[in-house]
Protein chains: 2
Amino acid sequence: MIMGKSHEERRQEIIEATMALSVEKGLKKLTTQAIADRVGIAQPTIFRHFKSRDEIFGAVISWVGESLFKVVGGFFTGSGPADERLHQLILNQLAFMNRQRAIPRVLFSDRLHLESPKLKAVVQKMMDGYARSLIRLLEEGVAEGVFRQDLDPEQTARYLVAMIQGLVMRWSVYEFNFSLEDEAEPLWRFLWPSLKP
Amino acid sequence: MIMGKSHEERRQEIIEATMALSVEKGLKKLTTQAIADRVGIAQPTIFRHFKSRDEIFGAVISWVGESLFKVVGGFFTGSGPADERLHQLILNQLAFMNRQRAIPRVLFSDRLHLESPKLKAVVQKMMDGYARSLIRLLEEGVAEGVFRQDLDPEQTARYLVAMIQGLVMRWSVYEFNFSLEDEAEPLWRFLWPSLKP
DNA sequence: TTGAAAAGCAATCAATTACTCACAAATGAT
DNA sequence: ATCATTTGTGAGTAATTGATTGCTTTTCAA
């Protein structure tokens with residue numbers, strides 16, 4: 001019997017295996033057995049490190065959310081003109097998702113939402129926080145005069161989130177067969193006329 | 001034993017029960033037992049009318065797709081200025097989805113896509129046909145001069161689809177707690193600056 | 001060195017669920 | 001009216017899968 005890993009190391013291995021499998025196989029085949037096989041441990045050992053299957057997904061969601069916030073958080077509160085920060089935000093967010101393919105499979109999955117009200121609440125809380133930061137950024141831009149004066153920040157934030165989420169879902173459905181990162185600049189050029197003063 | 005219904009009637013009942021349940025409970029609880037209970041028949045009777053569970057979903061997808069095309073098809077090929085047709089298309093499509101809540105739960109569900117390659121192909125074929133019609137409409141608008149001359153029809157079609165799909169997914173995740181139809185006009189006003197000449 | 005705690009596993013449970021089968025009841029064309 | 005076809009059902013099967021249990025092995029601090 002090999003027991004090289006500590007509790008925390010194993011937890012992280014399980015989280016990473018879960019994300020990798022969500023990309024490769026989708027959530028249907030994401031059984032505790034499949035995760036255990038991927039990690040190289042027996043299926044019941046999973047439950048030494050997580051109380052339940054849902055707890056694994058919860059940990060994955062938290063990990064992804066924190067990673068995403070590390071990447072884009074700076075643009076919400078950083079200095080510089082709001083339009084340029086929004087531009088960079090979209091660029092960096094799509095580039096991050098381009099690397100972290102588990103995001104659409106786990107975070108944007110309607111499956112998790114409808115199966116587990118608890119996980120749904122976790123995701124919604126994250127999304128709401130993201131939306132609030134985006135609204136603030138848009139408000140700053142309107143005040144600075146770099147966006148349309150009659151721009152509705154809440155509405156615009158909804159549309160921006162919807163657009164990005166729709167794009168990412170499409171990218172996921174098409175098996176990631178195009179570069180999400182390369183889509184960022186054209187998207188910004190398309191959106192800019194609706195934002196500019 | 002009551003056997004009032006013909007084969008076709010039962011099939012339709014099963015399709016409608018499946019759609020209703022997808023709205024109420026999501027796909028997780030969408031078992032053949034639940035469908036049978038809803039229709040008021042025994043669970044094995046389901047399999048007198050459908051060869052498999054996937055065949056039910058296939059029938060639902062086809063039915064929804066045909067219904068949607070009946071509503072929006074006219075705007076693709078109709079007469080009149082392309083910008084006004086696009087405007088009406090978005091209005092009518094969101095109004096239709098506002099009534100047919102099963103669409104995001106079934107058609108836009110990543111679950112079906114990843115679970116059944118066959119159903120995924122059916123949905124993608126429908127989506128591709130929709131996108132092609134939209135591209136043609138945009139091309140006509142550019143030729144008419146009612147849209148920007150440097151507008152890229154394929155790219156714009158992708159963005160429009162992504163935006164609508166993102167909005168509808170959000171609406172579904174939030175349990176349909178706002179009117180999708182009321183979102184259509186503001187959405188059009190937001191998008192128009194990116195389309196107009 | 002040692003012994004309690006942690007990490008591992010084989011075996012198994014319990015629940016779920018799509019699907020089958022043998023047979024009964026209803027239907028409808030002749 | 002009759003009987004072949006269709007529609008229906010209760011009972012059961014096989015497969016999947018999250019989670020438990022009892023026991024073994026490894027780890028590591030005292």
Side-chain angles (χ1 to χ4, degrees), chain A residues 1-19 21-22 24-61 106 109 111-112 114-120, chain B residues 1-19 21-22 24-61 106 109 111-112 114-120:
Chain A
M1 201 190 307
I2 298 161
M3 284 176 60
K5 309 300 171 53
S6 74
H7 185 62
E8 283 310 319
E9 281 173 320
R10 276 285 190 239
R11 273 182 74 97
Q12 193 58 32
E13 280 185 3
I14 290 168
I15 289 171
E16 279 162 17
T18 303
M19 290 196 292
L21 286 170
S22 77
E24 292 165 19
K25 310 279 186 179
L27 290 190
K28 173 66 176 299
K29 299 283 183 179
L30 207 34
T31 63
T32 55
Q33 184 65 62
I35 298 170
D37 289 348
R38 180 99 181 186
V39 175
I41 55 179
Q43 181 257 356
T45 306
I46 295 280
F47 293 92
R48 288 275 183 221
H49 303 285
F50 290 93
K51 187 176 164 293
S52 69
R53 183 171 175 266
D54 266 6
E55 203 185 273
I56 301 175
F57 286 118
V60 168
I61 289 169
V106 175
S109 166
R111 177 161 187 159
L112 279 194
L114 295 164
E115 283 183 17
S116 165
K118 193 156 184 170
L119 291 178
K120 175 175 177 166
Chain B
M1 202 190 306
I2 297 160
M3 284 177 60
K5 308 301 171 56
S6 73
H7 185 61
E8 283 309 320
E9 281 173 319
R10 277 285 191 238
R11 274 183 72 96
Q12 194 58 32
E13 281 185 0
I14 290 168
I15 288 171
E16 279 162 17
T18 304
M19 290 196 293
L21 286 171
S22 77
E24 293 165 19
K25 309 280 185 176
L27 291 189
K28 172 66 175 298
K29 299 284 185 177
L30 206 34
T31 63
T32 55
Q33 183 65 62
I35 297 169
D37 289 347
R38 181 98 183 187
V39 175
I41 56 181
Q43 182 256 359
T45 307
I46 296 281
F47 294 93
R48 289 276 182 221
H49 303 285
F50 290 93
K51 188 176 163 294
S52 69
R53 183 171 176 267
D54 266 6
E55 204 185 273
I56 301 175
F57 287 117
V60 169
I61 289 170
V106 175
S109 164
R111 176 160 188 161
L112 279 194
L114 295 164
E115 283 182 17
S116 164
K118 192 156 184 169
L119 291 178
K120 175 176 177 167

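Proteins come first, then strands; the chains are lettered A, B, ... in the order of their sequence lines, and each starts at number 1.
- Five base pairs at each end of the helix from C:dT1-D:dA30 to C:dT30-D:dA1 define two local axes, and these are offset by 10° (rounded to 10°).
- A:R10 has a side-chain polar atom (N or O) that falls below the 4.0 Å cut-off from OP1 or OP2 of C:dG8.
- Straight-line distance from the CD1 atom of A:I46 to the C1' atom of D:dT17: 13 Å, rounded to whole Å.
- Computed from coordinates, the A:K25 NZ to D:dT17 P distance equals 13 Å when rounded to whole Å.
- Distance CZ (A:F47) to C1' (C:dT12): 14 Å, rounded to an integer number of Å.
- In this structure the side chain of B:F50 never reaches within 4.5 angstrom of the side chain of B:T32, judged on heavy atoms.
- Of the candidate nucleotides C:dC19, D:dT7, C:dG8, C:dG8 has the atom lying nearest to any side-chain atom of A:T45.
- When rounded to the nearest whole Å, the span between CZ of B:R53 and C1' of C:dT17 equals 9 Å.
- The stretch residues 30-44 of chain A touches DNA chain C through A:I41, A:A42, A:P44, each having a heavy atom within less than 4.0 Å of the strand.
- The closest side-chain heavy-atom distance from A:I14 to A:R11 is not below 4.5 Å.
- Across every non-hydrogen atom of A:S6 and A:E9, the tightest pair is N-OE1, 3.0 Å.
- Applying the 3.5 Å distance criterion, the base of C:dG8 shares a donor-acceptor pair with the side chain of A:R48.
- Contact annotation: the side chain of A:D54 never approaches that of A:K118 to less than 4.5 Å [non-hydrogen atoms, C-beta and beyond].
- In this structure, A:I56 atom CD1 and D:dT17 atom C1' are separated by 13 Å, rounded to whole Å.
- A donor-acceptor pair under 3.5 Å is absent between the side-chain atoms of A:S109 and the main chain of A:V106, judged by distance alone.
- For A:A36 against A:Q43, the heavy-atom pair with the smallest separation is CB-CA, 3.6 Å.
- With contacts defined as side-chain heavy-atom distances shorter than 4.5 Å, the pair B:R10/B:I41 qualifies.
- Distance, A:H7 NE2 to D:dT26 C1': 17 Å, rounded to whole Å.
- With rounding to whole Å, A:K51 atom NZ is found 13 Å from D:dT20 atom C1'.
- Residues B:I35 and B:R38 form no side-chain contact, since every pair of their non-hydrogen atoms from C-beta on lies 4.5 Å or further apart.
- Across all their heavy atoms, B:E13 and B:V39 have their closest contact at OE1-CG1, 3.3 Å.
- In this structure, B:F57 atom CZ and C:dT17 atom C1' are separated by 13 Å, rounded to whole Å.
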